[in-house]
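Taking it in order: structure first as structure tokens, then the write-up.
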2 protein chains.
Amino acid sequence: MSAIALQSKTFTIAEVADKTGVSAHTLRYYERIGLLDVGRHTSGHRRFTGQDIDRVVFIGRLRSTAMPIREIQRYFALVAEGPTTEDERLCLLQAHRVGVRTRLRELELALDAIEHKIARYGGSCAP
Amino acid sequence: MSAIALQSKTFTIAEVADKTGVSAHTLRYYERIGLLDVGRHTSGHRRFTGQDIDRVVFIGRLRSTAMPIREIQRYFALVAEGPTTEDERLCLLQAHRVGVRTRLRELELALDAIEHKIARYGGSCAP
DNA sequence: CCTTGACTTAGAGTGCGCTCGAAGTTTTAG
DNA sequence: CTAAAACTTCGAGCGCACTCTAAGTCAAGG
């Protein structure tokens, strides 16, 4: 009886675009370049699983922290290679984290400088 | 006697590139698109003043906080129009500041999410 | 004086990350 | 059954911010 309800729910590309804010065009693009590997209905239409959506969200986080597409490709290539690559993936993410932290600090510094300029008055060109 | 030492020191494009970390190519590009207005020696070679360098540094701060070139062009067009535009410039910088603060927060959130993933382990694709 | 290297301009080329268009199939609403 | 909307692939196009090339001029050291 209690056959597990696998095959749970899947979503069309439009639904995923809607849920994630990533356009259908971009989702297809991500698949083309190897960031996603989405299953198909018999018709050929994509069927996104919950996992696929999680991955889209994760890609969004990497992109919003300015990880280059190349590196994201590398990351998911490692994922595709299986669990033996976990160390390397971890390493990649940690390196990224360091970079992001650095940029965060630089951003704060530049913002401070701009705010000083704002405070001192709106114009001219003194630093 | 105490004639003020105006005409103080000027710098070649290579010196400015060196001081600021902005390439000579990029400095010429910035001038072309109206971000800089650099004087010339009789030979035609650019002579950067201290003010010019300050401006280059300020452009760097705006760029490093991802202000689009278009907006920087707008800013310096206002500067060129004179002091009557100070309010508008201030407004532009303040709007930018708000944007940067927002991005800063988003960046921190995305970084948190990535760090959670790192903490939980290196791989898989759960969010 | 002569060479070496830095400078000039105008315009073309590059890399990134999408974004769009065309032509055709499939699904869905009426 | 039909029309409209949504999907497919493939390839081309775009906007941004540089970055480089070519062809020529200028400047400083030996």
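Letters go in sequence order (proteins before strands), and every chain restarts at 1.
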Subject >> Shortest non-hydrogen separation from A/R46 to A/I13 and the atoms involved >> reply: CD-CD1, 4.2 Å

**OP:** Check the side chains of B/S23 and B/H25 for a donor-acceptor pair under 3.5 angstrom, ignoring hydrogens and angles.
**Re:** no

Subject >> Residue pair B/I59, B/Y30: steps toward the side-chain contact (heavy atoms from CB on, under 4.5 Å) verdict >> reply: CA-CA 9 Å; B/I59 292 169; B/Y30 282 171; 3.7 Å; yes

Original post:
Are the side chains of B/D52 and B/L36 in touch, meaning some heavy atoms are under 4.5 Å apart?
Top reply: no

**OP:** For side-chain contact (heavy atoms from CB on, under 4.5 Å), just list the numbers for A/I114 and B/L62, CA-CA rounded to whole Å, side-chain angles, deciding distance to a tenth of an Å, and then say yes or no.
**Re:** CA-CA 8 Å; A/I114 292 166; B/L62 296 178; 3.9 Å; yes

**OP:** Mind running side-chain contact (heavy atoms from CB on, under 4.5 Å) on A/Y75 and A/Q73 for me, showing each step along the way?
**Re:** CA-CA 5 Å; A/Y75 181 83; A/Q73 284 177 317; over 6 Å; no

**OP:** Mind running a 4.0 Å heavy-atom check of residues 19-32 of chain A against DNA chain C and sending the residues that fall below it, in number order?
**Re:** A/H25, A/T26, A/Y29, A/Y30, A/R32

Original post:
side chain to side chain donor-acceptor pair (under 3.5 Å) with B/R47: which residues, sequence neighbours excluded?
Top reply: B/T10

Subject >> C/dT27 phosphate, OP1 or OP2, under 4.0 Å from A/H41 side-chain N/O >> reply: yes

Original post:
Is the number of heavy atoms from other residues, nucleotides or ligands within 6.0 Å of CZ (B/R40) greater than 12?
Top reply: yes

Subject >> Salt bridge flag under 4.0 Å for residues A/E88 and A/R74 >> reply: yes

Subject >> Sorted by number, the residues of residues 65-73 of chain A with heavy-atom contact under 4.0 Å to DNA chain D >> reply: none

**OP:** For DNA chain D, note the earliest and the latest nucleotide, 5' to 3', having some atom under 4.0 Å of a heavy atom belonging to chain A.
**Re:** D/dC7 to D/dG11

Original post:
Is there a donor-acceptor contact under 3.5 Å from the side chain of A/R55 to the main chain of A/L35?
Top reply: yes

Original post:
Does any N or O in the side chain of A/T20 come within less than 3.5 Å of the main-chain N or O of A/V16, such that one atom is a donor and the other an acceptor?
Top reply: yes

Original post:
Taking NZ, NE, NH1 and NH2 as the nitrogens, is one of them in A/E71 or A/R63 under 4.0 Å from a carboxylate oxygen of the other?
Top reply: no

Original post:
Nearest-Å distance, CZ (A/R40) to C1' (C/dT25)?
Top reply: 14 Å

Would you tabulate the side-chain donor-acceptor contacts of residues 102-112 of chain B under 3.5 Å, counting partners in other chains and residues two or more places apart, or write 'none'?
from, atom 1, to, atom 2, distance (Å)
B/T102, OG1, B/V98, O, 3.0
B/R103, NH2, B/T65, O, 2.9

**OP:** Specify the residues of residues 94-110 of chain B, ordered by number, for which at least one heavy atom lies under 4.0 angstrom from an atom of DNA chain C.
**Re:** none

**OP:** Return the value, rounded to whole Å, for the distance between atom CD1 of B/I13 and atom C1' of C/dT9.
**Re:** 12 Å

Original post:
Under 4.0 Å between a side-chain N/O of B/T12 and OP1 or OP2 of C/dC7, yes or no?
Top reply: yes

